[in-house]
Amino acid sequence: MRILIVGGTVFVGRALTDVALARGHTVTLLNRGKSASTLPPGVEHLAADRNGDLGVLAGRKWDAVIDTCAYFPRQVRALRAALAGSPHYTLVSTVSTYASFATDGQDEGAALSAPLTDDTVDKVDRKTYGPLKVGCEQEAGAGTLIIRPGIIVGPHDPTGRFAYWMRHFAADADFIAPGNGARAFQVIDARDIGAWMILLVEAQATGVFNAVGPVEPMTFGDFIALGVETLGGRARPRWLSEDVLASEGIDGPAVLPLWIPAANREFAGLFTVSAAKARAHGLVLRPLAESIRDCAQFERETTKPVVI
């Protein structure tokens, strides 16, 4: 297949590119060319800012288009217009499109936030992210493949959220573990999303799919125990109650990444999203211990030593 990936050099886009090439597809990347100095052999690069002139797409056709980086409905609208004639379109969205996480077990039929379609909005933040993505999904239109990931982890993660815990798990030292460990926990490896999405694209699949993991329910305590064991068993979690953490001004993921306090009832179900539909359509998840090992190795190889 001839596949156009919008983005394609950062994290999920990078994973998609790697899988598509490994499966023998012809890959073209559309991006500004700012996130990667080199591209894999055989990849065509079209340099363009999706917020501006998309003339580089004129007269070109692909069998499938995967859009990894649409944040504003106007971006989807402009891309779809420029790609008239390319039959299959995949949009990477987010579980943040759901209107509420006050209850557990959201599936693809759950109510969505009201779409934010105002083209004058130019800021993506906690308030606008989900509604903007709902607007993107609406602009994508019928016959689209829409993927709604939860928290994505893996090597090359630019957020540093997972890496924070890898550093603590690997150290011979105490570290703060939040609450009582009973809060739900969900992450999915970017490489698993990439492999699965390419299979769906090959099948020309359409519809909406949540993309979360792991398969079995996991708590934050399970995650910490697995991480410590996987990375040597020397790190020592020091569990502090939510009341103690709150008294120190530590009340959520801004300080302790990926942890949602019980007091934040608005997001009580954020890490209990259902991926049953995705798994029924071929999503295969690697053991979380593998992601932990690989992310820890990537962290070691890419962290620059401190020079005193």
Side-chain angles (χ1 to χ4, degrees), residues 1-94 97 115-125 128-129 131-149 156 158 190 193-194 197-198 200-202 204-206:
M1 295 179 68
R2 297 164 300 167
I3 301 176
L4 172 67
I5 301 177
V6 185
T9 57
V10 177
F11 208 24
V12 173
R14 182 184 185 128
L16 287 163
T17 299
D18 290 345
V19 173
L21 290 172
R23 292 185 63 81
H25 299 299
T26 300
V27 177
T28 301
L29 304 184
L30 174 73
N31 56 53
R32 295 173 299 174
K34 294 184 176 181
S35 297
S37 57
T38 60
L39 296 174
V43 171
E44 178 187 18
H45 178 230
L46 300 179
D49 185 336
R50 70 177 304 160
N51 294 307
D53 183 7
L54 293 176
V56 293
L57 301 177
R60 299 289 301 272
K61 293 185 182 299
W62 288 269
D63 301 304
V65 177
I66 305 175
D67 191 347
T68 71
C69 54
Y71 293 96
F72 299 97
R74 61 179 177 271
Q75 294 176 324
V76 178
R77 187 185 317 127
L79 182 66
R80 295 288 271 166
L83 289 169
S86 291
H88 189 269
Y89 180 68
T90 300
L91 174 69
V92 178
S93 185
T94 172
T97 54
L116 181 55
T117 57
D118 183 352
D119 284 344
T120 65
V121 175
D122 60 2
K123 183 178 181 180
V124 179
D125 56 24
T128 63
Y129 178 51
L132 283 170
K133 282 289 196 176
V134 176
C136 289
E137 291 186 8
Q138 290 187 349
E139 284 289 349
T144 297
L145 174 60
I146 295 174
I147 306 299
R148 293 178 182 154
H156 306 285
I193 292 181
M197 284 179 59
I198 293 299
L200 292 179
V201 168
E202 290 173 350
Q204 301 284 281
T206 60

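Quick note: residue numbers are just sequence positions, from 1.
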Rounded to the nearest 0.5 Å, what separates atom NE2 in H25 from atom CG in D63? 9.5 Å

If we check side chain to side chain contact (heavy atoms under 4.5 Å, CB included) with L30, which of these qualifies: L54, I5, V65? L54

L57 side chain reached by W62 side chain, heavy atoms, under 4.5 Å: yes

Minimum heavy-atom separation for K133 and V92, please, with both atom names. NZ-O, 2.9 Å

Considering the options V12, V19, D18, which one meets the side chain to side chain contact (heavy atoms under 4.5 Å, CB included) requirement together with L16? V12

Knowing that exactly one of N31, T28, T9 qualifies, which makes a side-chain hydrogen bond (donor to acceptor under 3.5 Å, both in side chains) with H45? N31

Calculate, to the nearest 0.5 Å, the distance between atoms CG and CD1 belonging to D67 and I146 respectively. 11.0 Å

Could you give the distance from OG1 (T97) to CZ (R148), rounded to the nearest 0.5 Å? 4.0 Å

pair R60-L4: side-chain heavy atoms closer than 4.5 Å: no

Side-chain contact, heavy-atom cut-off 4.5 Å: L132 with Y71? no

Show, in sequence, the C-alpha distance, side-chain angles and deciding distance for T17 and L39, and conclude whether the side-chain contact (heavy atoms from CB on, under 4.5 Å) test is met. CA-CA 10 Å; T17 299; L39 296 174; over 6 Å; no

Measure from the side-chain N and O atoms of T68 to the backbone N and O of V6, and report whether any donor-acceptor pair falls under 3.5 Å. yes

If I take atom CG from residue L200 and atom NE2 from residue H88, how far apart are they, to the nearest 0.5 angstrom? 8.0 Å

Heavy atoms, side chains only, cut-off 4.5 Å: are E137 and L91 in contact? yes

State, yes or no, whether a side-chain contact exists between L79 and Q75 at a heavy-atom distance under 4.5 Å. no

Considering all heavy atoms of both residues, which atom of A190 and which atom of A15 are nearest to each other, and what is their separation? O-CB, 3.6 Å

Smallest heavy-atom separation, A48 atom then V56 atom, equals CB-CG2, 3.8 Å

Side chain to side chain, P115 and P131, heavy atoms closer than 4.5 Å: no

Minimum heavy-atom distance between V27 and L29, given as atom pair plus value: CG1-CD2, 3.8 Å

Any heavy-atom pair between the side chains of Q204 and M1 that's under 4.5 Å? yes

OG1-CZ distance between T26 and R2, expressed to the nearest 0.5 angstrom: 8.5 Å

N/O donor-acceptor pair under 3.5 Å between T90 side chain and A64 backbone: no

Can you check whether R80 reaches E139 side chain to side chain, under 4.5 Å on heavy atoms? no

Check T117 against G135 and note the closest heavy-atom contact, atom names and distance. CG2-CA, 4.2 Å

Can you give me the closest heavy-atom contact between L145 and A205, atom names plus distance? CB-O, 3.4 Å

Interatomic spacing from CG in D122 to CZ in F72 - rounded to 0.5 Å: 6.0 Å

